[in-house]
Amino acid sequence: MTLVVKDLVRHHPGNATPTLAGLSFDLPAGTLTALLGRSGAGKSTMLRCVMGLEPFETGTIDIDGVVVRGTYESSPAERQKAISAARARLGLVFQSFELFPHLTALQNCALAPVQVKGESALVAQKRARELLCQLGLEHRLDAFPEQLSGGQKQRVAIARALAMEPRVLLYDEPTSALDPSMKHEVLQTLKRVDATGVTQVVVTHDLQLARGVEHVCILDHGVVIESGPPTQVLQRPAHESTRALLAAWLQHDAP
Ligand code: ADP
């Protein structure tokens, strides 16, 4: 398993109920998983906890053998050490891509391996070129972000995250900043990345996208209520809350 989240509890001060109420899921290495849930289900909080951007009180997050424990169960120093090690194994693709506007696609992808990992510029550029080509951007290596379409910018952002060789790549609502006609392209991109063997977790509202992945987890009130292949969870949901969620989405997100 590359990402194992176990009994995660995050209670925001002042709230009557915990945002994450014993959240558990595990993702085998190399799978492409969509994490779905209504607004307020706890998806962003989960993402921030996994990235080490927000504390949680109890439970564990195991990223490829690095275990981050809750604030009630570990010292600040232990947590900081584990979070640093975990971050080296994680990549995050932001909704808004966050590319450097003054750098080309190739430079955007080659920068962090040199600055953060101390790689040689030559090695970093070679890998950046390979990744951009793998994602179908061989003709846009020297383009600046403003010269790229939304879908192309997203692929540069994904290549940039992959250039750091993460074990787990997380996406925050990857279709939300794009034209609806691009949804198919996003899924194709995720499948191309799937071929690299990295474990991908996609936080999304997008049913169309979720139908195309290997594994789906449904979050509700801070726990996973159902998980499995989309053919099972999205077509024959076992849980009443999943059925209600799908019915509400289908009204807004007609396939
Ligand atoms: P989702 O991403 O599924 O929409 P979030 O993780 O953003 O859900 O939020 C879930 C709930 O957690 C919110 O409805 C809110 O009650 C609570 N929450 C999230 N962040 C905070 C915060 N910083 N302070 C207080 N409550 C928060």
Side-chain angles (χ1 to χ4, degrees), residues 3-27 32-61 63 68-72 76 79 83 86-87 90-98 154 157 161 168-178 180 183 186 190 199-211 213 215-228 230 233-234 237 239-253:
L3 177 60
V4 184
V5 170
K6 197 155 189 314
D7 301 329
L8 211 64
V9 174
R10 169 59 171 152
H11 199 150
H12 285 105
N15 288 2
T17 54
T19 303
L20 303 180
L23 180 73
S24 298
F25 61 86
D26 47 58
L27 307 179
L32 168 56
T33 299
L35 238 140
L36 294 158
R38 73 180 83 230
S39 181
K43 302 183 297 298
S44 308
T45 303
M46 180 283 300
L47 209 56
R48 285 198 298 273
C49 289
V50 171
M51 289 304 299
L53 302 171
E54 177 164 341
F56 53 94
E57 287 79 49
T58 56
T60 54
I61 300 173
I63 299 147
V68 183
R69 294 178 201 286
T71 50
Y72 290 2
R79 280 179 56 74
I83 287 170
R87 281 207 186 129
L90 290 168
L92 175 63
V93 179
F94 295 96
Q95 266 179 43
S96 50
F97 318 132
E98 309 287 337
Q154 182 175 60
V168 180
L169 186 54
L170 302 135
Y171 300 83
D172 186 12
E173 300 280 1
T175 52
S176 69
L178 299 175
K183 285 182 184 180
V186 175
L190 298 180
T199 304
Q200 298 181 90
V201 187
V202 185
V203 171
T204 184
H205 274 99
D206 197 318
L207 267 187
Q208 209 177 321
L209 185 66
R211 286 192 187 108
V213 306
H215 194 78
V216 173
C217 292
I218 307 282
L219 239 86
D220 196 28
H221 294 103
V223 293
V224 171
I225 54 168
E226 196 161 350
S227 64
V233 176
L234 303 180
H239 204 289
E240 182 49 42
S241 296
T242 312
R243 284 194 281 274
L245 186 67
L246 293 175
W249 271 339
L250 282 170
Q251 284 187 339
H252 294 101
D253 185 30

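One-based numbering, in listed order, for ligands and for the atoms of each. Here, residue 1 is the first one in the sequence, and each next residue gets the next number.
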Donor on one side chain, acceptor on other, Glu57 and His11, under 3.5 Å:
no
Which residue and non-hydrogen atom of the protein lie closest to atom 19 (C) of ligand 1, and at what distance in Å?
His12 CE1, 3.3 Å
For Arg38, the atoms of ligand 1 under 4.0 Å from one of its heavy atoms are 3 (O)
Hey, which atoms in ligand 1 end up nearer than 4.0 Å to a heavy atom of Arg48?
20 (N)
Near Ser39, which atoms of ligand 1 are under 4.0 Å from a heavy atom of that residue?
4 (O)
Is the closest side-chain heavy-atom distance between Leu36 and Leu219 below 4.5 Å?
no
Using heavy atoms and a threshold below 4.0 Å, how should the contact between Thr45 and ligand 1 be classified: side chain, backbone, both, or neither?
both
Report the nearest protein non-hydrogen atom to atom 2 (O) of ligand 1: residue, atom name, distance rounded to 0.1 Å.
Ser44 OG, 2.6 Å
Reference residue Leu27; test side chain to side chain contact (heavy atoms under 4.5 Å, CB included); the match among Val168, Leu32, Val5, Val201:
Val201
Do any heavy atoms of Met46 fall under 4.0 Å from ligand 1?
no
Give me the residue, atom name and distance of the protein heavy atom closest to atom 15 (C) of ligand 1.
Asn15 ND2, 4.2 Å
Return the residue, atom name and 0.1 Å-rounded distance of the protein heavy atom closest to atom 8 (O) of ligand 1.
Gly42 N, 3.2 Å
Taking salt bridge (charged side-chain N to carboxylate O under 4.0 Å, His left out) as the definition, give me every residue that meets it alongside Asp220, ordered by chain and number, with sequence neighbours left out.
Arg38
Would you give the length of the straight line joining atom CD of Glu54 to atom CE of Met51, rounded to the nearest 0.5 angstrom?
13.0 Å
Using a 4.0 Å cut-off to any heavy atom of Lys43, which atoms of ligand 1 qualify?
1 (P), 2 (O), 3 (O), 4 (O), 6 (O), 8 (O)
Who pairs with Thr33 by side-chain hydrogen bond (donor to acceptor under 3.5 Å, both in side chains), at least two apart in sequence or on another chain?
none
Do the side chains of Met46 and Phe25 get nearer than 4.5 Å, heavy atoms only?
yes
Is the shortest heavy-atom distance from the side chain of Thr242 to the side chain of Ile225 under 4.5 Å?
yes
If we only count N/O pairs under 3.5 Å, is Gly40 in contact with ligand 1?
yes
Out of Val203, Leu20, Thr19, indicate the one that has the non-hydrogen atom closest to atom 12 (O) of ligand 1.
Thr19
